[in-house]
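Worksheet: the structure to be examined is printed underneath.
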Amino acid sequence: MRLEALAVAQLVALLPALEDLRHDLGKYICFETRFVGLDAELETLRAAIVADLRTTRRQAADTLPAWDLWARLRPLALDDDPDLRAVDVAINELRETDLDGPLPVLLAAAEGAVRVQQATRRLHDRARSRLREAGVDPDEV
Amino acid sequence: MADILVIDDQDRTLELCRRAMPDHTWHGPARCWRQAAETLKQERGGIDLVLLDIHFDIPAEDLLGLPETPDEADLRRARRTQGIEILAALRRGRPDLPVVLMTARGGTGLEKAADRHGAEEYTYFLDDEDIDARALRAQVEGILRARRGTESDGPIYWGRSMDMRRIRQRLVTLARGRLPVTLAGPTGTGKSLIARHFIHSRSGRKGKFVAVDLATLPRDLVAAHLFGSVRGAYTGSVADRRGAFEEADGGTLFLDEIANLGEDLQRMLLTVLQEQAVVRVGDTRERKVDVKLVVATNEDLAALVRRGHFRADLFMRLNPACTVTLPPLRERAMDLDRLMVFSAERSLSQDHVGELCREYREAVGLPGEGLAVAVGEVPDTVPGTLVLLFPERTMDLLRHHRWPGNLRELVMTVENALTFSLAEATSAGVVPGRRGRAAETRADVVQVRPKLVRDLLIAAGDTDAERDDGWAIEVRVRVQDSLNKIAQDVERQYFTRLYLQERGDFSAMARVLLGDADGARKVQLRFNQLGLKVRELRERLA
C-alpha cells in the first residue's frame, strides 16, 4: 500500500516508526561519510563508508549493519510505496557492494546510502504533510 | 580548548567529534540523563558545552518523562523525544550552559518542543541530517567564542562558573539603573576594578569615573574631599574646591571602604543621596549633582547597622537588596587555571615585562615577537613564539594555595613569577645544550619553576606548608587552672588564627568550623563568649 492510501488513524500509528526510520537508518547510514567528505583520502573514505554501512547502529551492546536495521524497521504496511521500494533497492545494492573495491565502487556506495537517507526522509515528510492535510498536527502525535 | 559533553545513546557522534576537534576535551557519551548528571557533577561546572541527541533507544528505567505505568506507545514517545526531557532536566540546574540539540530542522517539531522546555538563548540547533565536520566545527567554535566573550571584560576575568556569570549579568542590569550599587566581598576580590571597568563603562554615562578610598583619607578631610569646600572653610583651604561628587557629575563615583565613613559623614552622604545635591564645606549653596554611586565594603554592612555602627537609613539608600557579593578566590577553584593564564597574559602586555622578554630573546638569540602563556605542557606555536610555561608542579602549588589576598595576590604572584623567571633565564643566557626538545632545554620556553612560586607564596605569608603542619598554639597552665579554662585558651588562640587567616570573614570561618557559611552568627557568638575583640583583631589585620 502507498502511504497516501492509509487511513489517518493508521498514519498516526505509523508516524513514530517513520521518525525512527529517518533517524536510526536515514541519519546514520551516511553519517560518517558526510562528516569526512567524499573528497577525503581513499582509505579514510573507505573506513567511513564501512562504518556507516556495517555498524549503522552502534550502541554499547547493539551493533547492526544497515540491512539488518532496515529489516527491523521496515514498515510492512507500506509495501507498495515507491519510497519504501527505493530503500529496498538501495539496501540490496549496498549489501552486495564489495567495500574493499576501488574509489568508483565506494562513491557508488556513498550515493546509495544517500538515496536511503533521502527516501526515509521523504517517507516521514509525506506522512507529516498527509496528517496536516487531514487536520492533524503531527507534532502532537 | 573546551570541555564538551556528548549526551547520546550512540557512540558515533562522540567518535567523530573527537576526530574533527581533537583540541577539545570530550566527555561521554552519556547514554541517559543519569549518566549525564553524574558527569556534570563530577566536572563541577567545568563543562563548557553539551551536544545532545534527541532519540534515545535506551531501557525504560533510564528514560525520563514516563507516566507511572507506561504502555508501549509511551515508551516509544519517550524514546523519540528523550533529548527534550534531558534538556529540561539539565536546564533546572544549568540554565546558562550552552546546549547544542542535534535534531533535523523543521521536519519533526522538536525545535518547537525544545522551546517549550526552557530552551532559550543558550540552546542551539544542529541539523544533524546534513551536518559535516566543517559545519559542526564552525557551530561549536562559534558558540565557544561567544561564550568566551563573556568570560572576560578588559581586565576583569569572570570565568565560567555560574555564580560569576550571574554576578556579571546582575551588574549589567545594575550598571544601567539609577540606584546605587553596593559591592561586597573580601579584600582583593576586584571590587574597584569592577566599579571602574565594568559598571562605569556600562552605565552609559558620559562623565568621569572618580574613586575615593575612604580608608586612606584623613578623617577630617573626608567631607571636603567628597563634597568640596570654599576658601577659608578650614585651615589651609586657600581656594574654592570641587569635591568628588562634583567631579563625578554625570559619571560614576566609587566610594571604597564605605564602612569606614564616620557617623557625621554618613549623615551628610545620606543628605546628598536624598537631595541629589551637595553643599560644599563652609558654603550654604546647594549644587545639583547627577552621580551614579558605587560603594564597596569588605564588611557586613547589615551587621554594622545592627550594632549601631552604620546608619540604617543610609544603608537602605545604598540599595542593599541588590548588593553584589564577590566570592573569595579560593571559591573560584574551577577558574583558577584560566585566571592565572589571563593574569599572566595581562602581565606580559606591561612594558617592563615586555622589556624583560626582549632582553631574554637577545640573550638566547631567539628571533621573533610572539608571546604565549601555557599551563602544563608546551603547546604547538608559531616558530619564534616565546612560551612562558607554568608546569604542572607549579600549577599544583598555585591551585592549592588559599589566596588570602584573593585576586590582588594572584596578580602580584603571577607578575612576580614571570618577572623573576625571565630575569633568571636571561642571566643564565645561552648554555651548552640549552637548545633541545624538552621544555627545560628549549630556548623558546621559559619555565616558572615551582621553587620560585613556593618562595613567592611563603613571602606572601600564607603557605600550604604552614597549614599542613598546623598552627603552633601556646598553652601555659597553672596547677589550679580548670580544664575548661585551658580549653578556652586553646580555643581563643585557634579562633584568633582562623580569624586572621580568613581576613575577618565570619562566613568563611563558619565554613571551616561548621561546614556551613550560614553559621557566621554562631561563630560570632562564640567569639564574644571567648572574650575576643573584633576591633583589636581588625587592627592586626590592617
Side-chain angles (χ1 to χ4, degrees), chain A residues 12-40 44 47-48 51-52 54-64 69 72-73 114 116-118 120-129 131-132 136-141, chain B residues 8-21 28-32 35 53-59 62 71-84 102-116 126-137 140:
Chain A
V12 165
L14 189 62
L15 189 69
L18 295 180
E19 196 172 315
D20 286 349
L21 182 64
R22 173 180 183 151
H23 179 265
D24 294 1
L25 180 66
K27 171 181 164 184
Y28 287 111
I29 197 168
C30 48
F31 189 66
E32 216 159 307
T33 307
R34 192 178 52 242
F35 219 83
V36 301
L38 292 178
D39 54 352
T44 305
D52 281 341
R54 293 193 181 151
T55 57
T56 314
R57 167 169 290 187
R58 196 186 311 160
Q59 286 172 311
D62 191 11
T63 299
L64 287 176
L69 196 54
R72 187 187 283 190
L73 300 175
V114 170
V116 172
Q117 182 193 35
Q118 288 173 345
T120 57
R121 210 185 281 191
R122 275 197 306 271
L123 269 175
H124 183 235
D125 288 345
R126 282 167 54 212
R128 286 175 60 85
S129 306
L131 284 174
R132 265 196 295 269
V136 178
D137 180 355
D139 294 340
E140 301 301 326
V141 169
Chain B
D8 192 348
D9 60 327
Q10 300 228 18
D11 301 340
R12 303 183 63 176
T13 307
L14 178 64
E15 289 166 11
L16 290 179
C17 288
R18 275 205 176 114
R19 263 189 267 154
M21 291 170 274
R31 299 183 193 283
C32 60
Q35 290 183 12
D53 194 18
I54 289 290
H55 288 238
F56 283 75
D57 197 359
I58 53 178
D62 287 333
D71 57 22
E72 202 49 41
D74 291 328
L75 285 171
R76 287 190 78 158
R77 191 176 303 116
R79 286 184 177 124
R80 279 190 299 125
T81 58
Q82 190 57 195
I84 305 293
M102 299 185 287
T103 177
R105 195 175 291 273
T108 62
L110 289 169
E111 210 166 336
K112 229 179 352 183
D115 279 335
R116 280 202 302 272
L126 180 68
D127 189 351
D128 64 351
E129 282 187 334
D130 292 314
I131 194 72
D132 59 21
R134 190 178 298 169
L136 178 63
R137 225 175 3 238
V140 166

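Only this structure's heavy atoms are used, side chains among them; waters, hydrogens and symmetry mates stay out. Throughout, a chain's letter reflects where its sequence line sits, starting with A, and its residues are numbered from 1.
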message: Holding to salt bridge (Lys or Arg N to Asp or Glu O under 4.0 Å), I want the full list of residues that pass it with Arg19(B), two or more places apart in sequence or in another chain.
response: Glu32(A)
query: Are there more than 12 heavy atoms of other residues, nucleotides or ligands under 6.0 Å from atom CZ of Arg132(A)?
result: yes
Does any heavy atom of chain A fall under 4.5 Å from the side chain of [X], the backbone, both, or neither of them?
{"X": "Asp57(B)", "result": "both"}
{"X": "Arg12(B)", "result": "both"}
{"X": "Ile58(B)", "result": "neither"}

message: Working to the nearest 0.5 angstrom, can you tell me the gap between Glu15(B) CD and Phe35(A) CZ?
response: 11.5 Å
query: Where is the tightest heavy-atom contact between Gln10(B) and Thr56(A), given as atom of each residue plus distance?
result: OE1-O, 3.9 Å
query: Is the shortest distance from a Lys or Arg side-chain nitrogen in Arg79(B) or Asp24(A) to a carboxylate oxygen in the other one below 4.0 Å?
result: no
statement: Scored by heavy-atom pairs under 4.5 Å with chain B, the best of Cys30(A), Gly26(A), Gly37(A), Ala17(A) is Ala17(A)
- request: Tell me, for Arg121(A) versus chain B, whether the close heavy atoms (under 4.5 Å) come from the side chain, the backbone, both or neither.
  value: side chain
- prompt: Can you check whether His55(B) reaches Glu19(A) side chain to side chain, under 4.5 Å on heavy atoms?
  reply: yes
